[in-house]
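Sequence lines set the chain letters: A, B, ... in the order given, protein chains first and strands last, and positions in each chain run from 1. Since this is a predicted model, take the numbers as computed values, not measurements.
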2 protein chains.
Amino acid sequence: MRLANGHEIPEFHVISAPNWASVLAITEGDQVVLVRQYRHGIAAASLELPAGVIEVGETPLEAARRELREETGYVSEHWEPLVSVATEPSRHTVQAHFFCAFGARAAFEHSPDESEEIELVTVPKRELVELVLRGDVVHGVHVGAILLAESRGLLAR
Amino acid sequence: MRLANGHEIPEFHVISAPNWASVLAITEGDQVVLVRQYRHGIAAASLELPAGVIEVGETPLEAARRELREETGYVSEHWEPLVSVATEPSRHTVQAHFFCAFGARAAFEHSPDESEEIELVTVPKRELVELVLRGDVVHGVHVGAILLAESRGLLAR
């Protein structure tokens, strides 16, 4: 890698991994749909928005819809993009695409992969930010997406 | 890896990398000190809070103080922890530790590593959230830390 100032770094490793999509889904009853699952990187459970890798041939929105359905059994007809961010731009190519889904309703039993153990957690939307402020969400990118939704007034609709 | 439900994943890769520290520094003149630099993972420039890897033997706070000084030339005597988050808990061990520094002042010429090309950017603290809302910060974890500082009233002090 050569910087614009001419400095060369002989060996610099960039990690390519699939992009992922995630959804802040608000139910007809003003609950937000979250998932709690074991995360091996931190060797602990993590409370997050439903999320998952974008499969080949899927758009980010299609992936977010599928992950919401698979991980929670919820569906929604009213989707809006929230934000797309880099998860670790110094060394990772990964982009995370967040959406908001409104008027979500439980339509299926949730059917996570066998490799996923997912606990469905719903919280009143007016308590979501408080939950973040007290540190219950440890995934920094999800913290950003949730507070961005709040700043944009999407939790007050 | 074996999940609590008994399902075994024969091969699961976790990426260990150093933790990092970062600082939202507010100057005596109510400016926030940011840095813009080329990020190879996304092959683009990224506007971020000053941040860097925690060296062996350093505490997160010591690393944040050093990075602020090296990347921007600013120092501060008034530090508070802001938040510690996981950057990608599914596969990464990395924790990012954010601090707020108040009453910061320029004390040195900034002296980034030769491998870093860093542009110092200061913005009025009352414009920081607007800058995030319009998408000028693409690093999702930094978005989270900045909006958390706003939610906690730290930008209004």
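- Only the side chain of A:Phe12 comes within contact range of chain B, with at least one heavy atom under 4.5 Å from a heavy atom of that chain.
- Only the side chain of A:Gln95 comes within less than 4.5 Å of a heavy atom of chain B; its backbone N, CA, C and O stay farther away.
- When heavy atoms are compared at a cutoff of 4.5 Å, A:Val14 approaches chain B solely by way of its side chain, counted from C-beta outward.
- Taking the centre of each ring, A:His92 and B:His92 come in below the 6.0 Å mark.
- Heavy-atom proximity under 4.5 angstrom to chain B picks out A:Trp20 from residues 18-35 of chain A.
- Annotation: A:Tyr38 is in aromatic contact with A:His40 [ring centroid separation under 6.0 Å].
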#### Entry: Derivation and outcome, salt bridge (charged side-chain N to carboxylate O under 4.0 Å, His left out), residues A:Glu48 and A:Arg36
CA-CA 6 Å; A:Glu48 301 173 8; A:Arg36 182 181 282 120; over 6 Å; no
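- Interface residue A:Thr93: backbone and side-chain heavy atoms are both found under 4.5 Å from chain B.
- Between chain A and the residues B:Ser16, B:Ser90, B:Ala43, the largest count of heavy-atom pairs under 4.5 Å involves B:Ser90.
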### Task
Evaluate side chain to side chain donor-acceptor pair (under 3.5 Å) for A:Glu80 paired with A:His78, printing each intermediate quantity in order.
CA-CA 7 Å; A:Glu80 290 182 21; A:His78 308 286; over 6 Å; no
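- Looking at B:Ser46, only its side chain comes within 4.5 Å of chain A, counting heavy atoms on both sides.
- The contact list for residues 142-157 of chain A toward chain B, using heavy atoms and a distance under 4.5 Å, reads A:Val143, A:Gly144, A:Leu147, A:Leu148, A:Ser151, A:Arg152 by residue number.
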